[in-house]
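Chain A is the first sequence line, chain B the second, and so forth, proteins listed ahead of strands; every chain is numbered from 1.
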Amino acid sequence: MIENHKPKIGVYVCHCGSNIAGTVNVDDVRKWAQEKLGPEGVVIARDYKFMCSSLGQELIEKDIKELGLERVVVAACSPHLHEKTFRTAAEKAGLNPYLTELVSIREQVSWVHTDKAIATEKAKSLVSGTVQRIAYNTPLEKQKVPINANTLVVGGGIAGIQAALEIANAGFHVYLVEREPSIGGHMAQFDKTFPTLDCSACILTPRMVEAGTHPNITLMTWSEVTNVSGFVGNFDVRILKKARYVNEDVCTGCGICTEKCPKKVIDTHYEAGLGYRKVVYTPFAQAVPRFPVIDRPNCTFFQKGTCKACEKFCPTNAIDFKQEDEFINITVGNIILATGYDLFDAGRVTNYGYGRLPNVFSSIEFERLSNSAGPTGGEITLRDGKTKPETVGIIHCVGSRDKNFNNYCSSICCMQSLKFAHIVRERTGADVYEFYIDMRTPMKAYDEFYQRVLDEGTLFVRGKVAEVTNAARYPHEKGKLIIHVEDTLVGKQRRIPVDMVILSNGMEPRHDAKQTGQTFGISCSSDGWYIERHPKLDPVSTMTEGIYIAGCATGPKDIPASVAQGAAAAARVLDKILQKEVEMEPIRASVIEENCSGCRICNSMCPFNAIAFIGDLKVSRVNPALCQGCGTCVAACPAGAITGTGFSNEQIFAQIDGLLMTV
Amino acid sequence: MNKYIYYPGCSMEGSARAYAESLSQVAKILDMELATVRDWNCCGATEYLSINLIPAYSLIARNLAIAAGQVNGTNELMAPCSACYLNLEKADYYMAERPALGEKVNEALAAGGLHYKPGSLQIRHLVDVLVNDIGLDVIKSKVVRPLTGLRIAPYLGCMVPRPDYQHRWSDHEYPLELDDLMHVLGAEVIDFPLKTDCCGGHMSQIAPETAYELIRRLVSEADEYQADLMVTVCPMCQMNLDAYQGEANRFFGTKYQMPIVFFTQLMALAFGIDAKSAGFGLELVSAKKALARIGVEAPAPEPASPRRKPDGLPMPPHRRKKYASGREASDEKIAVAE
Ligand SMILES: Cc1cc2nc3c(=O)[nH]c(=O)nc-3n(C[C@H](O)[C@H](O)[C@H](O)COP(=O)(O)OP(=O)(O)OC[C@H]3O[C@@H](n4cnc5c(N)ncnc54)[C@H](O)[C@@H]3O)c2cc1C
């Protein structure tokens, strides 16, 4: 603000239909702003049913042109929603976009209050604060930086594969980083997929092969991202490529090493603990890439210094015990995280006996049991590996929709349980009971599948199972697992003896999701899933520009939805790449170096690593290219030596004065 | 020295004497100082809270108030009985959670010049104290006569791990604290699936058939696993399973002979205490055979005190049935049947 010149301010109050007007007396706010804020520079105040409509926007544009407005205050919804709309409108009329501000009187007023008088007063205070502050706003210019056209996709499940293929097919380079020895994710463990029951491997393998051989995809398995710095358009990424002890250049994937390896261990990962694998292994026959890895902690040579059977028999001398972990640095413009989910540990629901009662199986165990490439060749048997069950109980919602564990619905378990029932009946003819709280089969062809399983004679009991026990009360229960449940449709407690119990344990965020999120600068919800920029309107973006999320990393979902998100994230990335350059918000922090004591508190606080200490001068300095304008350092600086554009002390104090003005 | 304020509860002086005696032996060996709550009163057991809330909580809180006044180097109040423990916990928890209740209870206490500020005590069950404060290592180090070869069904009952207001237990449905404790004594611990099921509580007084069924489930399951005996942590569980086992047997035509003893009795044995001082011989289903398995001779049972002969004059024959049926013919039939 130039001394003694009060800029001309226009105030626009939105009704948002009845969203705001139902709780805030909009007319009163407008009148008050016009009369009371006149001395502060308000020359016009208007209200309108929907400010965001084109007519509403035109109203502002017209006033800017005709009344010569220099600042615009719109009291409407959250800036997350429409800041851009109004700034663009004002810009069209010739006003620098940073001279327009939104006051949230919907999310912060009408939606959270019920008393109309108080809500109206609060709306006035908020408007007054922004009117006072905006006088000190200065025109800012967006910076433009070029975008690196390479993309990093983290996680090679179906979502990550889809994203990588879309971008690669559009002609841009992708680094696909997967921490396991093969891509494929959870889908590679299944036999059949609902609702069509097509073979999982048959639909997945072609995609895996395509990703593995695509000229535009650099596939890095047995690898993990350890560090990310930079910003949208230019991320520097450090990748740890773990030693495979197999030379990928000469290995043909013939499998002789695996065959000759004398040591077997329980495969807790791919076989879900139900089967064995060798110490030099590829997780499954269709693995991509086909090169095996040596499991060092279990390898006799690494532990005892002798053996080397794999080396002796390898026809191409591809075994290399001297290989070491390697770090690879790459630069990419955008990143897609498709790290998927972990399974809820069924043993945590102690009353269902998983881990204690042998014939209680987890969902993923059953997937392996029913898989024709699994430990029993697809035969459904009890834990002894021989006996066919005659009665099977499938329990839904294990760990999901349960206040003791996770509140959310894992969304796929109903369908997955129906799939299990179908497979059990088809292969064993056993009687199958499903114990459900509610059936949730809302997607395409899902309810039809439910009808089909009903018609096949599966018995449905509505009720949450209290316990699974081997403590028989009656002679006919001897030697069985008894499912104790309240059948809420009959209104009775029932005890149903079965031979086998399958727990539909739901999905959980990856155990290290939080840590991975920190590496990439994105956050998790209280449940642990990655947070979308907007849950409805921007489901694959995050609050960090250039970082996208897809698949089950954002929450439980089925394969079609995971694939759709992978493709959606790819489209967002392609959009960025094709723009060739990216506009950076000009909100930045800067250090007033005379006031800086060099304490370096801000250095470690900055979530974007944008502040460096200049040793010679003993002051900290902000790298404007990295700064995201979050304001953490401004608040943290004990000397008050850091200021943010758009958030200067004058602006903040003026806003506080305005807020405290009696309305 | 581990100090605790000790709330014994009524049973410890009567039906659960074996618990009291063995606990005092165990406490000595483990260097635990138990300072009994002065002039303590009944906790209200399982019934009172469901009948009249304020007086019931006041009854419990009186003990809390006195114990809080007795705090001396520790604010941990330990109860060996599950019902007492739960009641004390409940009163402490709800007085804080529902301030109006807390106020009313304190009004009642004020009549006796007492006051209790919820949260001033930590309320603990004996098993929790032994496993988490004293520690399994220390307990193990005191074992001189391992219970090798003794098959034990560890039974916690329903009130100790649930609702667990202070989150002290590893699990509510399948806690393994007692299993672990028995294990360090050298015993063979069976994976008893009914470890937190109900023993029948006071159903044995109100609806015996219900209690018999609950007792049968527990005893038959322990028998199924070929347990030599079952250990409990609660006087009420012990009473139900021991004293009513015979009745339950008669009711179902079964012949179970499952000894039910307190876990502290086995600790005492393992620590080298003789069977009598460990409270053996007081149980109704004799533990003699089980003890023989580990080479311990059971004390001779105390001779039952002779039944008192009824005083006074004989009663006339019972006539109630006649009035009830009101019909001569059926009355006759009953008479014949009798
Ligand atoms: C028992 C069961 C049965 C199911 N059956 C069906 C069905 O029949 N039909 C259906 O539509 N859906 C089914 N689903 C759902 C299906 O599994 C998911 O929708 C799908 O697998 C999600 O794919 P994704 O790529 O998001 O995650 P994932 O399959 O979990 O893949 C994620 C990948 O990322 C990798 N990764 C994780 N973290 C990192 C990291 N930090 N760095 C590098 N790589 C990382 C993982 O190793 C993994 O390869 C089922 C789910 C379960 C639990």
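Other residues, nucleotides and ligands contribute at most 12 non-hydrogen atoms within 6.0 Å of the CE atom of Met239(B).
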Output the donor-acceptor atom pairs between chain B and chain A under 3.5 Å, with atom names and distances to 0.1 Å.
from, atom 1, to, atom 2, distance (Å)
Asp171(B), OD1, Thr350(A), OG1, 3.1
Asp171(B), OD2, Thr350(A), OG1, 2.4
Tyr174(B), OH, Arg356(A), NH1, 2.9
Arg216(B), NH1, Arg473(A), O, 3.3
Arg216(B), NH2, Arg473(A), O, 2.8
Tyr225(B), OH, Asn470(A), ND2, 2.9

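Listed by chain and number, the residues in a side chain to side chain donor-acceptor pair (under 3.5 Å) with Glu76(B) are Arg124(B) (sequence neighbours excluded).
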